[in-house]
Amino acid sequence: MTEVMVERGSRAHRATLGVGVALVALAATVPLWADSSWMREFVEIACYFVFAMMWNLLAGYGGMVSIGQQAFFGLGGYAMLALGNFAGFDPFLAVPVAALAVALLALPVSWIAFRLQGGYFAIGTWVIAEVFRLSIANVSAVGGGSGTTLTALRGIPRATRESLTYWLALSAVVACIAGVYLFLRSKQGLALQAIRDNETAAESQGIAVRRMKLAVYAVAAFGAGLAGALYFLGNLRISPDAAFSVNWTAFAIFMVVIGGIGRIEGPIVGALVFWALSRFFSDLGTWYLLGLGLLAIVVTLFFKQGLWGYAQQHWGWALFPTQRRLVAPQNGAITSRNPP
Amino acid sequence: MALLALHAVSKSYGALKVTDGISLAVEEGETLGILGPNGAGKTTLFNLVSGDLRLDAGRIEYAGRDVTGLAPHQRCRAGIGRSYQVPQPFGAMTVFENVVTAACFGGGQSERQAWRSACEVLEETGLLAQANRLAGALTLLDRKRLELARALATQPRLLLLDEIAGGLTEHEAGQLVAELRRIRARGITMVWIEHVVHALLAIADRLFVIDFGRRLADGPPQAVMSDPQVQRVYLGMEG
Amino acid sequence: MEPLLSTHGLQAFYGDAQALFGIDFVLARGEIVAVIGANGAGKSTFLKALTGLVKAPRAAVRFHGEVIGGLAPAEIVRRGLALVPEGRRLFSSLSVEENLQMGAAARRPGAWSLRRVYELFPALLKRRRSPAPSLSGGEQQMVAIGRALMGNPQVLLCDELSLGLAPIVIREVYQALPRITAEGMTVVVVEQDVQTAQRVSQRLYCLQEGRVSLTGASGQLTREQISRAYFGV
Amino acid sequence: ADTLKIGYVSPQTGPLAPFGEADKWVIEQMKAALKNGVTVGGKKYDVQVVLKDSQSSPNRAGEVANDLILKEKVALILTAGTPETANPVSDACELNEVPCISSVVPWQPWFFGRKGDPAKGFQWTYHVFWGLEDVIANFTNGWKSVPTNRKVGGLFPNDGDGNAWGDKELGFPKPLSQMGFTLTDPGRFQNGTQDFSAQIAKFKAEGVEIVTGVVIPPDAKTFLTQARQQGFRPKVITLGKALLFPGAIEALGDLGDGLTTEVWWSPSHPFTSSLTKQSAKQLADAYEAGTKRQWTQPIGFAHALFELAASALARSKSLKNTDVRDAIAATDLQTVVGQVKWGGQGPFRNVSKTPLVLGQWVKGKGKYRYELVIVNNEAFKQIPATAALKPI
Amino acid sequence: MLDLLAQAVLLGGLYTLFALGQSLMFGVMRLTNTAHGDFIVLAAFAAVAGLMVVGSSGLALAAVALLLLPLAFGFGWALQRYVLNGTLGRDPLPSLVVTFGLAVVIQNLLLELFSADPRSIETGGFATRSLALGADLRVGALPLLVLLLAVAATAALQWLFSSTALGRSFRAVSDDREIAELMGLHADRVYALATGIAFVLVALAGVLQAMRTTVSPSDGPLLLLFAFEAVIIGGMGSFWGTLAGGMLLGLAQQVGFRLDPGWGIWFGHLVFLAVLVLRPQGLWPKTRG
Ligand SMILES: Nc1ncnc2c1ncn2[C@@H]1O[C@H](COP(=O)(O)OP(=O)(O)OP(=O)(O)O)[C@@H](O)[C@H]1O
Ligand SMILES: Nc1ncnc2c1ncn2[C@@H]1O[C@H](COP(=O)(O)OP(=O)(O)OP(=O)(O)O)[C@@H](O)[C@H]1O
Ligand SMILES: [Mg+2]
Ligand SMILES: [Mg+2]
């Protein structure tokens, strides 16, 4: 057999890469010229996005549909606050350190969570999050149920604080997209997909299923913790009900499902849609939330693959291809991937 | 020394003894056929060897080392490849990706090496034309082929095959046997559970018959097939 | 005489991919007809189209002269077709006996009952209270056949009946077929083993890439004819 | 003329929505009152009020406060209704250097809940309301007026208010024991608890005759029903928060009769608005006429917040945040909730206290099922008491 | 001690009633219904609204409750038929998202229609009546009624599920929908029937909840978690298991509450997680017919 040819990308995908780099470069200069409200908005949406991206990694690729990721989001926030307020950490440095701490904490938590599967896993993780919420709510050092304020930031000038927070958020977003993409393109990505499809078979093909799932769980926890730490760095105030609210996961699910689960573009599209909706309609209050709920229902029922999945199916769009297509050796004997 | 050795292996579900103290040795390079009535415990035996099930009692040695406590993926990496009676494809991945995964993880290859060996395996098993199709859309027989292809891609020293000839036409069964011969020629040891007896007879060096979780017969094919007990219990011929 | 079941130009699709390209098929009461063909020829698809699991054009399928193409599976089954599906597909949270009882859910009257199924497959009697997934592959196949019989169908469609069965069981099942038809049931078997197919059936259809490539009385077809029909050489 | 924006954050939706129920009406009224604009530093501005809903969530409250500051560029922010809304909004203002006036939170949860430093106070945020010492005074004044064994059972949930009320140093425990009451506090519970039999068992065991606390309405109902079922009948039940709103009392059915609660504002308060010149009575009547609903206590404070904003803006030298802030700090104004003066009548320079009395819900004589009557005014005699506290 | 046990059993009865409908839907359709609590609240509000229309009296309450049950059946039936059926499958995600969406819709719709005020059903003093069983032990008449209804509903469901052809169909359809259709069942109708029955239980739970305490639009999620815990502790597909799960949860919370009210629910969660770790399939998985 001649050299094996495997197709992994397309022109669109290389173009994306170029546009992406340019966009990031431009975005990095925002604090120099733009209004601070833009930065604020970006930080907020970045938190939602990073969180959704990690949920997508966990559920869409790892097959672990969790409704309890708010546990790590909240813990990230509290860890950042504790480091900043009590340990005298620089609050900006505290963000990644907090995320790391959360990832470590995820290891013992996984021991319980991994005893469950499917719907049980979903609800079980929610209960675990509730356990964290109730536990933190009984720690008076962080204000108990009423929560507390991030005092470590008092005294840092507003402009410095805003720019640093913004850059931190931007790096988190870039790192998150790049990290997930590279991971999924690597052979570990294959293993992950295999596990999602069939755990028994994956194990018998030499994949260390448990270790892989644990790694994904820890990475997802790290991302959720990062998002949480970042969010409460921007929000300055934390309380158990806010930090461990199931709405975080609900919003992440909405974003991922609207954009398309199990694809990197999904959370990106979802986050953009979510941002646009909340920007224009969130003042409608109940009606806005009601509409969001309906939208999620309609998309799930009628666009099972989400908006991006729809685009991919109909127009073959793929910005972040992770598939491997075998290119036919001369005779062209390979049937197309999706029968016409 | 035997490549695989089971020592008084037992497994039960509640009161049901599915595997009842089976001892069995498979020599390196040998092709062993396993026969037995439905529900005799053949698949269970494979599950015990591959690590999908835990033993209740006994010991399993592979290549001179005790593997009783190893996880399935460790046994796979050690060289025990298997196919499932009910195919278990990664349905949302393409056939090619299925096999590449096996080559990467079971075979411990780098991704580029894996592409090459996946192609070879696909060609060998006649699946090359389906390489870019989703495994979930394959027909039953192609799924069975994929089981074989994946098992081969893990570069096994010992290959466990569970009913891969069922549903093949005579012609296709002939092709399969020819392919297994080629595999054997590469020095791979095989254990094959099969109800399509003539296919099994065409290649097996030795037959092992299980009934109610115990050994009923063990020996050269001709001798086993003419054993009156086997004829009565399995083939349904008057003894 | 009006055939019991017939198809005329039956086509079937999976999404956009066509699997059957105009199958003409007739079945008379009391017959055993075999359908053979290579892997992927469309045999399973054909049976699925008959029972409504794959959509068929309205007028393409007739049963008792009545048009049944495109009806929901439940409707078709109630009229007297039953399928032993490829790969057994038992109800995994039901016991063996409950699986069999489910077969009677269409409430068609007839001779088949739990007792008679256990007579046919004595191995099942011992395991009647066991959960279906705990059975071996072969035992599961017996349950699948028994379940279809419990519906007392007029036409029994069997997809790869012998797959995974020990020779002794295959022998018993095929020995049971004439008994089953003797009571007025009509049987279609999809079979890979051509010799078995020829032996047990009166007539035979060979499919190739979604088309009928050969048909005739089983006993009169030669090996050459069949292998040509198989591979189209 | 240029437009000047005032931000207003309150819980319009969610479990705390009764606190924000009157805001829409108050803001409508303000639009009329401020239609001629305000003059700041000699320049006339149109006034636009931007109302944001905290959805009863502290997160959301922080988010919308930031929106108001960064996107709407408001000159100042007003906020009201439990620590869950007012604290995050105040924090956001403090960090973004925007003046803020908050209310409808006892000052302790607002100040200490935000980790305020008594020595320094806050730079940008000002608060107007009463404090726990006032509730304690009023509650005990009421309890002393009826014969009991002075054994008190406390229901303090694990939220901003509950933690402050139950705090060993700042809350109820210390003053109660000083006044000769024995307090049984079974511990902080979660809002939404389905079952109070643990508390009831403890109260019964201790022979409690007075029950107090600060609970959300559903919990009050659960507790009261279960107490009745399990044969626990205290003589006085005085609860904060749960009993503020007519709707909540109606939901209690017969259990609502005779319950006591703090009264921060009522139509019988002898104050007048500096903006609309309405008396408290006229304001409440206008609300009832306008919305066809019974008056609620937050009306007065929502109104007063705007009085304070208008007064500060009018006195400010310019719209610069420091100028507005300085004008607020220098406020001395008679409002519909009483006199407001920062740096004078409060524990810290950021807090100005308003008067508090004790009320009891009794069967209504007019169109409403229950009416809130003032039964003890020892803490602030100018507000007339119309009846005496009756044990249940 | 006796009081503790009595209160635990009564609380357990309530949780059982919350959980039975969920148990049925989870068992039959593998549907992770995250809007379960909100449906209970919705039913409660429906009863409240009904009473607002006809005025409140004991008779009116009975009439509204009786009318609500068939209404709930129809609602559940239609919901399953036209919305939820589209989400079923091996992947738990679609049903999760749709029911999450429904939860949001219900909460906000109720908020819009009824505002955030807590509501309750007037029982004419029935809710506060109690039976004295000894010197220190009094049990409320309403909790006792809840308990009795819970036990009766459990028995009825268990019988239906494991001993009738309908129950068998429920399970068969949940295992393999396509093949169940080959047996002559209309899977969509079977699902709709199951959901209809589940919603009768939901309505019952809602009305009783509004009688014993207040309900407000945002109460749903908490009710949901308790219901789920009871179902999972008990083991899927077993209704006696659900009852036992409800009791165990009630006991755990009661013990926790008496140690410290702040840790009661936490303790309940912990017992739940402990059960999962020790017996992931629940205490009484799937009883056989
Ligand atoms: N679910 C499906 N989706 C898409 N294509 C399918 C599906 N099932 C079958 N096909 C295609 O339809 C064609 C006919 O398949 P069918 O299963 O009917 O073949 P068969 O004759 O029964 O083969 P076998 O002997 O392997 O069972 C094949 O090309 C197959 O790939
Ligand atoms: N999880 C289980 N629980 C209970 N019994 C089981 C379980 N798995 C298998 N069994 C029983 O163990 C016995 C052996 O099953 P096994 O699958 O090993 O049979 P087999 O020899 O492979 O049969 P076949 O040739 O039909 O595939 C059967 O009677 C089966 O019912
Ligand atoms: Mg087997
Ligand atoms: Mg087939």
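Since the model is a prediction, treat every value here as computed from it, not as a measurement.
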Completion exercise
CZ of A/R237 to CG of D/N87, rounded to nearest 0.5 Å, is 4.5 Å
Practice task
Assess whether atom CH2 of A/W38 is packed by more than 12 heavy atoms of other residues, nucleotides or ligands within 6.0 Å.
Solution key: no
Handout entry: Straight-line distance of A/D241 CG to D/N191 CG, nearest 0.5 Å
Key = 7.5 Å
Handout entry: Pairwise distance CZ(A/R40) to CG(D/D67) - rounded to 0.5 angstrom
Key = 7.0 Å
Completion exercise
Applying a strict 4.5 Å limit to non-hydrogen atoms, the region of A/N85 in contact with chain D is neither
Exercise for the section: Check whether more than 12 heavy atoms from other residues, nucleotides or ligands sit under 6.0 Å from atom NZ of D/K73, and answer yes or no. Expected result: yes
Problem - Part of D/N163 lying under 4.5 Å from any heavy atom of chain A - result: side chain
Completion exercise
One should read off an interatomic distance between D/D91 CG and A/T151 OG1, to the nearest 0.5 angstrom, of 10.0 Å
Problem - Atom pair CZ/CG of D/R188 and A/N138 - distance to nearest 0.5 Å - result: 10.0 Å
Exercise for the section: Please determine, by modelled atom types, if A/R161 and D/N96 share a side-chain donor-acceptor pair under 3.5 angstrom. Expected result: yes
Practice task
Counting only heavy atoms closer than 4.5 Å, note whether D/F189 contacts chain A via side chain, backbone, both or neither.
Solution key: neither
Practice task
Grab the two heavy atoms, one from A/D35 and one from D/L70, that are nearest each other, plus how far apart they are.
Solution key: OD1-O, 4.0 Å
Exercise for the section: Could you tell me whether the side chain of A/N247 reaches within less than 4.5 Å of the side chain of D/R60, counting heavy atoms only? Expected result: no
Problem - Nearest heavy-atom neighbours spanning A/A137 and D/Q190 - result: CB-NE2, 4.0 Å
Handout entry: Reported CD1-to-CG distance for the pair A/I136 and D/N158, which is rounded to 0.5 angstrom
Key = 11.5 Å
Problem - D/L51 versus chain A, the contacting section by heavy-atom distance below 4.5 Å - result: neither
Problem - Flag side-chain contact, heavy atom, 4.5 Å: D/E63 against A/Y231 - result: yes
Fill in the blank from the handout: With chain A, the option among D/P157, D/G162, D/P88 that has the most non-hydrogen atom pairs under 4.5 Å is D/P88
